[in-house]
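The structure under discussion appears below in the form of C-alpha cells.
Proteins come first, then strands; the chains are lettered A, B, ... in the order of their sequence lines, and each starts at number 1. Values reported hereafter were calculated over all heavy atoms of this structure, with side chains retained and with hydrogens, waters and symmetry mates removed.
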Amino acid sequence: MSTHTLALCRQAPYGSALAREGLEAVLAAAAMDQAPDVLFLGDGVFQLTADQAPQEIGQKSLYRNLQALPMFGVERIYVCRQSLADRGISTESIAVPGIEVELVTDPGALLARYQHVLSF
Amino acid sequence: MKFSLVVYSAPHAGEAAASALRFARAVVDQGHELYRVFFYADGVHHGSALAAPPQDEQDLLTPWQELRQANDVDLVVCIAAAQRRGVLSHSEAERLERPAANLADGFELGGLGQLADATAQSDRVVTFGGQ
Amino acid sequence: MSKSVTIEGREIALDKEGYLRNLDDWSPAVAEYMAETEGVELTEAHWEVLKLMQDFYRQFELSPAMRPLVKYVGQQLGADKGRSIYLMQLFPPSPARVASKLAGLPKPTNCL
Amino acid sequence: MALHIVNRSPYRSSALRDCLNTMAEGDALLLIEDGVYAASASAQAGAMPAGTYCLGADADARGVSVSDAIARIDDARWVALCVEHTPVVSWF
C-alpha cells in the first residue's frame, strides 16, 4: 500500500468487524514494508480510547492490537480533531503507547495528498 | 486506466454487492482495465459456490465468473476473512479439517498482500461497503 | 488425521498440523514435544524467544509476523539477536510460524 | 481533486455528514444507493455542494425525484468521474 495510500478508519470497535479487519489490513501491508498512512475519523476515533475490556463480549481488545502498530513500523497516526470534539473525547485520553498522534483539523487537505484512500 | 475494486459487502445483504458488479461492468465497457477485485470482510461470501437464489432474483456469482473469463480479472477472496466465515478451497478445507469446500470456480484465496499489490498496481481503487 | 498425545499424564488434543486445539493446554513439556516434531532442539536461546512470543501475544493479543518479531526481539534482547538470520537459525524454515506453534499461540491464518 | 461516494441515507448514518465535513473545495460528491435520498428535490438537496452527482438508476429505483441542482448520471459517467478525480473515497 505504501505511503501513497491512506487507510481511512471510520468504524467504532466491536460493533463492526470492519474496525478490526481494517487494522489487520494495515498490519499486513506494514509487515510487507508497504505501510499506508492511517486516519481515524468519525466513530473510528472510538478505537483509540483506553480502558477497552471486551472479554465479556467474547472479543479481543482492538486497543491492544493497535499498540502493535509501532512493532510493524507504523509510528504515527492521524486523528480528526473535530471527530474527537463532537464525541466529547479529550485529546489526552487517546494516547496509544509508542505512537505519535497527529491531530488533523483539515482532513480534506490530508486526503488530497494520496493517490488511494481505502475506507474501512 | 487500470482499476481495482475492494468489496466488503455480502451478496444479497444490501445493494453494495450489486453496485460493485455494475461498476465493474461499466469499467470494462468503457475500455478500462479491471485488474483485481479484492473481496474482504463480509464480501468474501461472493466466493461461495453454494448460493442458490431463486430464478427471478439477481445472480451475483455467474456474472463475476464471466467477467473473469472475458477480461482476465483477478477475483481474490481474502483467506483470513474467508476462514472466519466459512469460504474454503479444497486444500484449506482439508488443512482446517472442515467437512466441505465451497470456493467457486474463477475465485482464488489470497492474502492481504494482494490488496496492497492492487493499490500499488492500479491507477484507481474503489471500495464498496455497507450493507 | 487429528490426534491427541499424552504429555506429563495429560491428554493434549492437536490438529492435523500439530497445533494445539486448546491454547490453555500449553506447557513447557508440550513445547518440547512440538520442537521434536519440528526437528528443533530447544536451548536457552530458543526459550528466550518463545517467552518473548508469549509476551508479545499477551501485550498485543496478536501473533507476530516476521517483521514485528524481529523488532520486538531486538528491543528486548539486543540488536545482535534482533535479526531475521538469528531467528532463522533457531526456528527454520519459517521462524514466525514455527515459534508461534511452539509457544502455543494461535495457528496463523495463512494470510501473507 | 477527490471524488467522494456516499451510499447511506443521511437520516440513518453519519456517512454524508462525515463526508461533507471532510470535502475540500473543488471535490466532487456522488450519491449512490440510499445516499440518493439526500438528492431528493424535497429534501436537503439545497445544502449539497456544487459538483454533486446522483446515480440515476438508484434514484429511479427508489422513486426519488432528483433536485435540479444535482446532476443525474449513469454508470458510464460514474466511471468517467473516477477517471477525472483522485483519490476516490467511499463513505458507507
Non-hydrogen atoms of B:A81 and A:E21 that approach each other most closely: CB-OE2, 3.6 Å

Part of B:V6 within contact of chain A (heavy atom distance under 4.5 Å): side chain

B:H90 NE2: over 12 foreign heavy atoms closer than 6.0 Å: no

Inter-residue atom distance A:R20.CZ - B:R84.CZ, 0.5 Å rounding: 7.5 Å

Other residues, nucleotides, ligands: >12 heavy atoms within 6.0 Å of B:E94 CD: no

Whether B:Y8 and A:F120 hold their rings parallel, tilted or perpendicular, with breakpoints at 30° and 60°: tilted

Flag, side chain of B:Y40 to backbone of A:L18, donor-acceptor distance under 3.5 Å: no

Single hit among B:T127, B:V126, B:D123, B:T119 for side-chain contact (heavy atoms from CB on, under 4.5 Å) with A:H116: B:T119

Considering all heavy atoms, the nearest A:A17-B:R85 contact: CB-NH2, 4.1 Å

Rounded distance [0.5 Å steps], CG in B:L115 versus CG in A:L118: 5.5 Å

Enclosure of A:D51 CG (heavy-atom neighbours >12, cutoff 6.0 Å): no

Other residues, nucleotides, ligands: >12 heavy atoms within 6.0 Å of B:Q69 CD: no

More than 12 heavy atoms of other groups within 6.0 Å of B:R98 CZ: no

